[in-house]
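Here is the structure we will look at.
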Protein chains: 2
Amino acid sequence: MSDEGQLSVRKADSRRRSATQAVTMADVARAAGVSTQTVSRALRDPRSVGPDTLARIEEAVRETRYVQNFAASHLASNRSMTVAAIIPTISASIFAETIQGLSDVLLPEGYQVFLGHTDYVAAREESLVRSFSGRRPDGFFIIGTRHTQETTALLKRTGVPVVESWSWTPRPVDLLVGFSNHAALIRVVDHLVERGYRRLTFAGVMKPGDHRAKERLKGFQDAHARHFPGETPRVVTVASSPMVMATGVELLALVRAQHPETDAVVFASDVLASGAILACGGLGISVPGDLAITGFGNYDIAGQLTPGLTTVAIASKRIGVESARLLLRRMQGATVDDRALDVGFELLVRGST
Amino acid sequence: MSDEGQLSVRKADSRRRSATQAVTMADVARAAGVSTQTVSRALRDPRSVGPDTLARIEEAVRETRYVQNFAASHLASNRSMTVAAIIPTISASIFAETIQGLSDVLLPEGYQVFLGHTDYVAAREESLVRSFSGRRPDGFFIIGTRHTQETTALLKRTGVPVVESWSWTPRPVDLLVGFSNHAALIRVVDHLVERGYRRLTFAGVMKPGDHRAKERLKGFQDAHARHFPGETPRVVTVASSPMVMATGVELLALVRAQHPETDAVVFASDVLASGAILACGGLGISVPGDLAITGFGNYDIAGQLTPGLTTVAIASKRIGVESARLLLRRMQGATVDDRALDVGFELLVRGST
DNA sequence: ACCAACCATGTTACCGGTCACGTTAGCGGT
DNA sequence: ACCGCTAACGTGACCGGTAACATGGTTGGT
């Protein structure tokens, strides 16, 4: 009691290392007249201490402007209250929504999200997992299901729950929240064939590490083989162009040059398809009269174009939300019965087909 | 070599708390035949130990699969090697690019990025800063320059560098990397007037906490007052609609209903302007013949529309990159001479005006 | 009245690193 | 031979919390 006001004094030990004059839990304990353990209890579970003790501690926290040090907490309790998220690129708004969903669920529970992006390079993914592991996250969230062998091994060794997403695999590392890109493209092709289109061409950006794009291409090829046995599926790709509308325009030109008989273009993304639809206006190509066009992702623009873009809608935010829920359950010690969740997809038929 | 496979043995001390069988620095030290201090030195500055010792330690790290524990490092050294980033929303691709720039620079330097989003709510910003402070980040990056008083106080008390961005203020909390939204809109209005437009209307989404949108509106109003003294500037806003193209269509309808004489619409964002331009096609409105349209942000779509969208280009990725560089310099102990960096903006005149 | 069960709180050791400082060996100069 | 200096490495204390166990006071059933 009598040492009230000594908070800032903090014996000026010349060996003191930290530059900060940080208030510690001991300061709060002194101000409240209890032990540090009681302060710790009050902060992590207020009901575990007596009501007036709690009030005194809360007052002491306010008075001293105490801010808990998570690093110490982490070290002592072996829980970091963080989740590491690894995505191909932040700039793609569709992944951003997933991250938004993820953090919408995790932040209120006291977890914080580390973000890293791989730019579709497997080696970067591996080095990210490696460096993130040093933070001892309580969970991992990763977009994609294909990793280097070492990445998979690293993830398994962490001993914490791992969610893979945005894709599908029979053998997830741990948990899975995704859908089949392959099945989605089959649905697109079925739809086009049903509408009477016969000369389909797939067009997309194929970055070496973008396995979701590869799965889509594979779906196109498999469906094509089923509908048109013996015919070689038409495929036009660029490897290094950025995922922007101008690339869609470029791809459209390639399609018309290499496969002029094409009556429907299946784009690997709405971004590309939108660029192509807009370009068709200037080129005097009627959509879907001369050429049908499909996209993937159901971006904002898909419904605003004239004609509207037929595309595959993915519940991107929901992927984040469900992943967070799975992680939470596991991080809180519960067991999860269904380790794989298929969020599916929806074919949205609009004017472009 | 021969003790391969014994890693998991680790004397089963019944009082051992951590659930993990984690390899510690002591394990590495034992394997290499040195003290933990030497291992620590080898990891943080390889040149500070002898070359053959270094080789032995590196071999021991590999053999034991040691992963450094940053929490312990943080606690002991008082540096967390993290940066907290707070943005209004992750979904807006334009902020995503800034974050991409930020982490592109910080990750290679060993810093990791915590991400939180406020949804344009000041109270959420405050609670984010509060909870992030517990992680003791070595720096803060925030989009926006307007905060609650308490937020500002919290930021200052952390004692670490803080970058505010995407806006401008004569009194930053610490560092500033941004531009004047106000000046940008003045430039837009000047351009329209120069082109002969006389009946301008501003249209945008005005979320209560979106100060950048407010600054743009203010810029419009001030420029309008200068060009058309005495006239009341026309302004159409919605408060709660999401920032999507459909909202642009909605705003266009409002403009035509409330101010039918309008000959130029100044949108607060490219997203809205793009929706409006696309809708004009369907409504038989000629752009820029009947109506000129401008946007803000120079999104991908702006250059692909017909007509192209006149807009203001912001170096959004560069904001992240420069912010990271400033933070790095300060986190590494250097002093920064120029605490405020104006990345400017560029008016891109296209067909829509 | 007695003892078990329980609640609120304190005590002790420890989490896994790093800092400050100490020690040792090797070297050249005088 | 002595001294000082430097490079390389070790020792002990400490960072700021929390788990496990211990303690003292209440309560309630028999």
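First the proteins, then the strands, lettered A, B, ... as listed; each starts at 1. Given the structure is predicted, the values throughout are model-derived calculations rather than measurements.
- A:Q332 CD: more than 12 foreign heavy atoms inside a 6.0 Å radius.
- Rotation axes derived from the C1' atoms of the five outermost pairs at either end of the helix from C:dA1-D:dT30 to C:dT30-D:dA1 lie 30° apart, to the nearest 10°.
- Using a 4.0 Å heavy-atom cutoff across all strands shown, A:S73 reaches sugar-phosphate atoms only and no base atom.
- Residue contacts shown for A:T53 are limited to sugar-phosphate atoms, with no base heavy atom under 4.0 Å away.
- Between B:Y66 and C:dG17 there is a side-chain polar atom (N or O) within less than 4.0 angstrom of OP1 or OP2.
- B:R56 and B:E59 are not joined by a salt bridge, as no carboxylate oxygen comes within less than 4.0 angstrom of a charged side-chain nitrogen.
- Per the geometry, CG belonging to B:N78 stands 13 Å off C1' belonging to C:dG17, to the nearest Å.
- Here D:dG17 presents its C1' atom at 8 Å from CG of A:N69, a figure rounded to the nearest Å.
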Give the C-alpha distance, both sets of side-chain angles, the deciding distance and a yes or no for side chain to side chain donor-acceptor pair (under 3.5 Å) between A:E125 and A:T148. CA-CA 8 Å; A:E125 181 179 86; A:T148 67; 5.9 Å; no
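- Closest to the side chain of A:A72, from the set D:dG17, D:dT18, C:dG16, is D:dG17.
- The nearest whole Å value for the distance from the CG atom in A:D27 to the P atom in D:dG16 is 9 Å.
- Other residues, nucleotides and ligands contribute more than 12 heavy atoms inside 6.0 Å of the CZ atom of B:R329.
- The 5' end of DNA chain C is approached more closely, in terms of each residue's nearest nucleotide, by A:T38 than by the other of B:R44 and A:T38.
- Summarising the local packing, CZ of B:R157 is surrounded by more than 12 heavy atoms from other residues, nucleotides or ligands at distances under 6.0 Å.
- In terms of phosphate contacts, B:S40 brings a side-chain nitrogen or oxygen within less than 4.0 Å of OP1 or OP2 of C:dT18.
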Does the pair B:S103 and A:H117 meet the rule for a side chain to side chain donor-acceptor pair (under 3.5 Å), with working shown? CA-CA 8 Å; B:S103 65; A:H117 58 103; 3.0 Å; yes
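- OP1 and OP2 of C:dA13 both lie 4.0 Å or more from every side-chain N or O belonging to A:Q37.
- The nearest heavy atom of DNA chain D to B:G50 and to A:R79 marks one nucleotide each, and the one closer to the 5' end goes with B:G50.
- Per the geometry, CZ belonging to B:F70 stands 16 Å off P belonging to C:dG16, to the nearest Å.
- Residue B:H74 contributes atom NE2, which lies 10 Å from atom C1' of D:dC15 at whole-angstrom precision.
- Dashed line: the shortest gap from a side-chain N or O of B:S35 to OP1 or OP2 of D:dG10 is under 4.0 Å.
- Summarising the geometry, the separation between CZ on B:R41 and C1' on C:dG17 is reported as 13 Å, rounded to the nearest angstrom.
- The aromatic rings of B:W166 and B:F95 lie perpendicular to each other, with more than 60° between the two planes, well past the 30° mark.
- Counting to the nearest Å, the P atom of C:dG16 and the CG atom of B:L75 are 12 Å from each other.
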